[in-house]
Amino acid sequence: MERPKLLYAIESALTEVMERDPAEITAITEDTRLFEDLFLDSTSVLELLVTLEDLTGLEVDPEELDMDDFRTVGTLADRVGSQLLAGAPAGPDEA
C-alpha cells in the first residue's frame, strides 16, 4: 500500500475511533503523537488496530507489537506498512 493511502487509512481509523470531526483528524501529521497529542488510551489503541485491520486487510499479532509502534502517526504507518509488505505481495493498487 502506498504511503499516502496508508496515512489516509490511519486518519480514517482515527476519525472513527475518536468520534471526531474528520477535519480535526486530517490536520494531523506524521509527527503527531498518538497518546500525548490525540489522547489515545490502551482501549482506543485496540479499537484503532481493529479498525485498521478492517480498512487495510492487515492481521495484527499483538505479540509482535511494541509501544514504540504507537509513538506517532508516522511510526504507526511504518509498522503497518512493513506488516502489509511482509504479509502479501502488492496488488494492482499497492504498487
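Since the structure is predicted, the reported quantities are computational estimates derived from the model, not experimental observations.
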Taking side chain to side chain donor-acceptor pair (under 3.5 Å) as the definition, give me every residue that meets it alongside [X], ordered by chain and number, with sequence neighbours left out.
X: Asp41; answer: Ser44
X: Arg71; answer: none
X: Asp54; answer: none
X: Glu53; answer: none

Would a 4.5 Å heavy-atom cut-off, applied to side chains only, mark [X] and [Y] as touching?
X: Leu49; Y: Leu65; result: yes
X: Gln83; Y: Glu59; result: no
X: Thr72; Y: Thr32; result: no
X: Leu52; Y: Leu58; result: no

[atom2] on [Y] to [atom1] on [X], rounded to 0.5 Å:
X: Thr56; Y: Lys5; atom1: OG1; atom2: NZ; value: 13.0 Å
X: Ile10; Y: Leu55; atom1: CD1; atom2: CG; value: 10.0 Å
X: Arg20; Y: Leu14; atom1: CZ; atom2: CG; value: 9.0 Å

Give the intermediate values and the outcome of side chain to side chain contact (heavy atoms under 4.5 Å, CB included) for residues Glu2 and Tyr8.
CA-CA 10 Å; Glu2 296 173 3; Tyr8 180 77; over 6 Å; no
Checking side chain to side chain contact (heavy atoms under 4.5 Å, CB included) for the pair Asp69/Glu64: CA distance, chi angles, key distance, verdict?
CA-CA 10 Å; Asp69 297 331; Glu64 294 180 9; over 6 Å; no
Set out, in order, the CA-CA distance, both residues' side-chain angles and the distance that settles side chain to side chain contact (heavy atoms under 4.5 Å, CB included) for Leu46 and Val50, then state yes or no.
CA-CA 6 Å; Leu46 290 174; Val50 169; 5.7 Å; no
Has Glu36 got more than 12 heavy atoms of other residues, nucleotides or ligands less than 6.0 Å from its CD?
yes
Mind checking side chain to side chain contact (heavy atoms under 4.5 Å, CB included) for Arg3 and listing every partner two or more places apart, or none if nothing turns up?
Leu7, Glu30, Ala77, Asp78
Tell me, please, which residues at least two apart from Glu16 pass side chain to side chain contact (heavy atoms under 4.5 Å, CB included).
Thr51
Any sub-3.5 Å donor-acceptor pair from Asp37's side-chain atoms to Leu34's backbone N or O?
no
Candidate pair Phe35 and Val45, rule side chain to side chain contact (heavy atoms under 4.5 Å, CB included), full reasoning
CA-CA 9 Å; Phe35 292 101; Val45 165; 3.6 Å; yes
Could you see if Met67 belongs to whatever hydrophobic cluster contains Val73? Use Ile, Leu, Val, Met, Phe, Trp, Tyr and a side-chain cutoff under 4.5 Å.
yes
